[in-house]
Amino acid sequence: MHQITKFYLLLLLAVAVAGTIFALQITRAKKISIKPADTPILSDGYYNIEIDQDDKILGNPGAALTITVFSDFTCKNCRQKYNEVATFVKEHPQDIRLILKYASRPSLFFKTNDLPQRSAFCAGKQEKYWGYVDALNKDGGSTGENALTTIAEDLKLNTVSWWQCVNSPQTQQKINNSKAVAQSLGITE
């Protein structure tokens, strides 16, 4: 009978300790005050940019954080920024998704060259988008027709269907739509 008494005393002690901890937590919870934040959760720089079904995603398609980069493959600074962001996304593939859209740099003297953007889009039609984009964004990479074809061949693309896609009106329209979104957001470079 002596052991049963010890058991009940230990049980009573355990219940008392748990009750004390519970009471302390309730007291602490009552001290919590909720105040409205001085700054909004979303800044004025937040924009809801639609994701097209043709947009390719680097990282986790279901990630809570989406980074949309507007880039021009003929721009050296854009290449550098893309490489920085892509490296970050590749280091955190479960937390972030990257979507690349096209913006063109205004030029006073030359017509805008959107051939690299069209060629990357068409590489995506053959499931080689990110490999193509990475090759385009290498430092000092050329965006001429021969260089773009070399990248396509290195990635083992079907170059005949790829060129047909590059020169199609639908591809041109896709690039123009992306540029229009950039322009509507005030993205100029």
Side-chain angles (χ1 to χ4, degrees), residues 40-93 95-145 147-149 151-152 155 157 162-189:
I41 293 174
L42 300 176
S43 69
D44 292 337
Y46 172 81
Y47 298 98
N48 184 21
I49 301 170
E50 294 295 321
I51 300 172
D52 298 335
Q53 67 183 28
D54 290 331
D55 288 338
K56 303 298 181 196
I57 296 173
L58 179 65
N60 180 0
L65 177 62
T66 301
I67 299 174
T68 303
V69 173
F70 286 86
S71 185
D72 182 346
F73 296 128
T74 62
C75 163
K76 183 178 179 181
N77 189 37
C78 297
R79 287 182 187 152
Q80 178 186 359
K81 296 300 179 194
Y82 164 79
N83 288 328
E84 290 172 9
V85 172
T87 299
F88 183 75
V89 172
K90 289 173 184 176
E91 290 171 355
H92 303 91
D95 304 324
I96 306 169
R97 65 181 171 175
L98 171 65
I99 298 173
L100 191 59
K101 297 213 180 247
Y102 311 111
S104 58
R105 297 180 319 161
S107 176
L108 294 175
F109 302 108
F110 303 106
K111 182 180 175 191
T112 302
N113 179 13
D114 66 358
L115 183 61
Q117 285 82 343
R118 289 185 285 138
S119 64
F121 174 76
C122 292
K125 294 288 186 183
Q126 295 185 36
E127 304 303 325
K128 302 281 180 135
Y129 182 79
W130 291 107
Y132 198 93
V133 169
D134 286 342
L136 274 173
N137 282 299
K138 285 184 181 173
D139 290 332
S142 174
T143 56
E145 194 172 304
L148 298 175
T149 303
I151 294 170
L155 292 172
L157 295 178
W162 173 73
W163 269 118
Q164 289 172 345
C165 176
V166 168
N167 295 313
S168 74
Q170 293 86 1
T171 300
Q172 185 64 53
Q173 187 59 47
K174 168 70 177 171
I175 303 306
N176 289 341
N177 290 347
S178 184
K179 289 178 185 178
V181 170
Q183 192 175 30
S184 73
L185 295 171
I187 298 171
T188 58
E189 58 178 312

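Each residue takes its place number in the sequence, starting with 1. It should be emphasised that the depicted structure is a prediction, and the values quoted were computed from it without experimental measurement.
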- Task: Could you check if a side-chain atom of T171 sits within less than 4.5 angstrom of a side-chain atom of V166, using non-hydrogen atoms only?
- Result: no

- Task: Find out whether N177 and D52 are in side-chain contact, i.e. whether some heavy atom of one side chain is under 4.5 Å from a heavy atom of the other.
- Result: no

- Item | C122 backbone acceptor or donor facing W162 side chain under 3.5 Å | no

- Item | F88 side chain near E84 side chain, heavy-atom distance below 4.5 Å | no

- Note on the structure: CG of L155 to CD of E127, rounded to nearest 0.5 Å, is 13.0 Å

- Task: Spell out, as yes or no, whether a donor-acceptor pair under 3.5 Å connects the side chain of D72 to the backbone of T74.
- Result: yes

- Could you tell me whether the side chain of R97 and the main chain of L65 form a donor-acceptor pair under 3.5 Å? no

- Does the side chain of D114 come within less than 4.5 Å of Q172's, by heavy atoms? yes

- Message: With a 4.5 Å cut-off on side-chain heavy atoms, are E145 and W163 touching?
- Response: yes

- Message: Determine whether a donor-acceptor pair (N or O, by modelled atom type, separation under 3.5 Å) exists between the side chain of Y132 and the backbone of L148.
- Response: yes

- Between atom CG of L100 and atom CD1 of I57, what is the distance when rounded to the nearest 0.5 Å? 12.0 Å

- Hey, mind stepping through V133 and K56 against side chain to side chain contact (heavy atoms under 4.5 Å, CB included) and telling me if it holds? CA-CA 11 Å; V133 169; K56 303 298 181 196; over 6 Å; no

- Query: Which atom pair, heavy atoms only, marks the closest approach of Q126 to L157?
  - Reply: OE1-CA, 3.4 Å

- Minimum heavy-atom distance R79-L136, with the two atoms named: NE-O, 3.5 Å

- Note on the structure: Between the CG atom in L58 and the NZ atom in K90, the distance rounded to the nearest 0.5 Å is 6.0 Å

- Query: Are any of the side-chain heavy atoms of W130 and L98 separated by less than 4.5 Å?
  - Reply: yes

- Decide side chain to side chain contact (heavy atoms under 4.5 Å, CB included) for N77 and Q80; before the verdict, give the C-alpha distance in whole Å, the side-chain angles of both, and the deciding distance to 0.1 Å. CA-CA 5 Å; N77 189 37; Q80 178 186 359; 3.9 Å; yes

- Query: Of the non-hydrogen atoms in F73 and Q117, which two are nearest, and what is the gap between them?
  - Reply: N-NE2, 3.4 Å

- Task: Could you walk me through whether V181 and F70 pass side chain to side chain contact (heavy atoms under 4.5 Å, CB included), step by step?
- Result: CA-CA 10 Å; V181 170; F70 286 86; 3.9 Å; yes

- Item | Verdict with supporting geometry, R118 and N167, side chain to side chain contact (heavy atoms under 4.5 Å, CB included) | CA-CA 8 Å; R118 289 185 285 138; N167 295 313; 3.9 Å; yes

- Query: Side chain of T68, backbone of I99: donor and acceptor closer than 3.5 Å?
  - Reply: no

- Query: Roughly how far, to the nearest 0.5 Å, is NZ of K174 from CG of D54?
  - Reply: 5.0 Å

- For C165 and S168, the nearest pair of non-hydrogen atoms, with its separation, is O-OG, 2.9 Å

- Hey, could you give me the OG1/CG distance between T87 and D134, rounded to the nearest 0.5 Å? 8.5 Å

